[in-house]
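A short worksheet on the structure shown next.
Start at 1 with the first residue, then count along the sequence.
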Amino acid sequence: MEADELLMLVAAGDQEAFEDLYGLVSGPVYGLVRRVVRDPAQSEEVAQEVLLELWRSAARFDPGRGSALSWVLTLAHRRAVDRVRSARAAGEREQREARRGHGPAFDQVAEEVEAGLEREWVRRCLDRLTALQRQSVTLAYYDGYTYREVAERLSLPLGTVKTRMRDGLTRLRDCLGGAA
């Protein structure tokens with residue numbers, strides 16, 4: 001018997017016709033679902049859902065609109081796409097919830113506080129330098145200039161800048177030694 005005839009009998013509640021139809025369409029249904037869903041276990045589940053839906057909704061089949069096999073495969077494709085969309089939406093919901101409910105970790109907060117305290121300690125130590133030492137150290141370490149560039153910017157001999165830097169860094173080290 002053809003799938004069209006079997007489907008008409010299934011619509012009338014014929015269980016033997018459903019067994020025959022099941023044997024005829026289960027392979028193509030699973031193959032189509034497997035290509036869309038990809039996961040074998042999920043594909044089996046979706047294929048079973050499609051075949052159950054086929055039993056329940058066989059009366060909706062209209063032979064004037066196409067073949068029984070194309071109608072069954074359309075059901076299978078729609079169900080498979082629904083499963084993929086549902087899984088994707090669930091994953092996106094989980095990601096949004098994870099981002100929303102996840103504040104900064106305790107360690108991150110502690111590190112930010114510690115960094116703030118260290119910055120404040122460095123500022124206090126920089127304030128203890130002479131204005132000339134602070135200017136040289138700031139240009140070199142905060143603005144990224146080389147010793148030679150600091151000397152050019154301040155219109156000073158390179159040796160003078162190196163001496164200021166050495167003295168300033170020594171005073172910073174001594175001051176910051178109390179921060180440890």
Next item on the list: Spell out, as yes or no, whether a donor-acceptor pair under 3.5 Å connects the side chain of Q48 to the backbone of E45.
Entry: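 No; judged by distance alone, with no hydrogens or angles, the pair does not exist.
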Margin query: Looking at S136, is its backbone amide N or carbonyl O close enough to the side chain of R164 to form a donor-acceptor pair, meaning the two atoms are under 3.5 Å apart?
Written below: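 Checked: no pair found.
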So, do [X] and [Y] sit near enough that their side-chain heavy atoms are less than 4.5 Å apart?
| X | Y | value |
| --- | --- | --- |
| L21 | L51 | no |
| F61 | V72 | no |
| L169 | Y141 | yes |
| L54 | V10 | no |
| Y142 | L126 | yes |
| D20 | M1 | no |

Check: Minimum heavy-atom separation for D14 to E16, with atom names?
Finding: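 Smallest interatomic distance, heavy atoms only, reads OD1-N, 3.0 Å.
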Margin query: If I compare all heavy atoms of V137 with all of M165, which pair ends up nearest, and what's the gap?
Written below: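 In terms of heavy atoms, the two residues are closest at N-SD, 3.6 Å.
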Working to the nearest 0.5 angstrom, can you tell me the gap between [X] [atom1] and [Y] [atom2]?
| X | Y | atom1 | atom2 | value |
| --- | --- | --- | --- | --- |
| D167 | L172 | CG | CG | 11.5 Å |
| L24 | L69 | CG | CG | 7.0 Å |
| R166 | Q133 | CZ | CD | 10.5 Å |
| R171 | L176 | CZ | CG | 12.5 Å |

Checklist line | Lys/Arg-Asp/Glu bridge criterion (N-O < 4.0 Å) met for E120, R124 | finding: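 Yes, E120 and R124 are salt-bridged.
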Give the table of side-chain donor-acceptor pairs shorter than 3.5 Å for residues 26-40, with sequence neighbours excluded, one pair per line with atom names and distance.
unit_1	atom_1	unit_2	atom_2	d
S26	OG	Y22	O	3.0
R34	NH1	R38	O	2.1
R35	NH1	G31	O	3.4
D39	OD2	A41	N	3.4
D39	OD2	Q42	N	2.8

Margin query: Applying disulfide bond (SG atoms under 2.5 Å apart) as the test, list every pair that has at least one member in residues 119-156; sequence neighbours left out.
Written below: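 For residues 119-156, and leaving out neighbouring residues, the disulfide bond (SG atoms under 2.5 Å apart) pairs sorted by first residue read C125-C175.
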Next item on the list: For R56, check side-chain hydrogen bond (donor to acceptor under 3.5 Å, both in side chains) against everything at least two apart and list the hits.
Entry: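 Partners of R56 by the side-chain hydrogen bond (donor to acceptor under 3.5 Å, both in side chains) criterion come out as none, since no residue qualifies.
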Item checked: With E2 via side-chain hydrogen bond (donor to acceptor under 3.5 Å, both in side chains) - residues at least two apart ->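 Checked E2 against side-chain hydrogen bond (donor to acceptor under 3.5 Å, both in side chains); zero matches.
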Checklist line | Criterion side chain to side chain contact (heavy atoms under 4.5 Å, CB included) on M8 and E5, from CA distance to verdict | finding: CA-CA 5 Å; M8 299 303 271; E5 296 171 52; 5.8 Å; no
Side-chain donor/acceptor pairs under 3.5 Å, residues 149-157, sequence neighbours excluded:
unit_1	atom_1	unit_2	atom_2	d
E149	OE1	T146	N	2.9
E149	OE1	T146	OG1	3.4
R153	NH1	Y145	OH	3.2

Next item on the list: If a pair satisfies side chain to side chain donor-acceptor pair (under 3.5 Å) and one of its residues is in residues 69-80, list it, with sequence neighbours excluded.
Entry: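 Every pair satisfying side chain to side chain donor-acceptor pair (under 3.5 Å) with a residue in residues 69-80: E49-R79, E53-R79, S67-S70.
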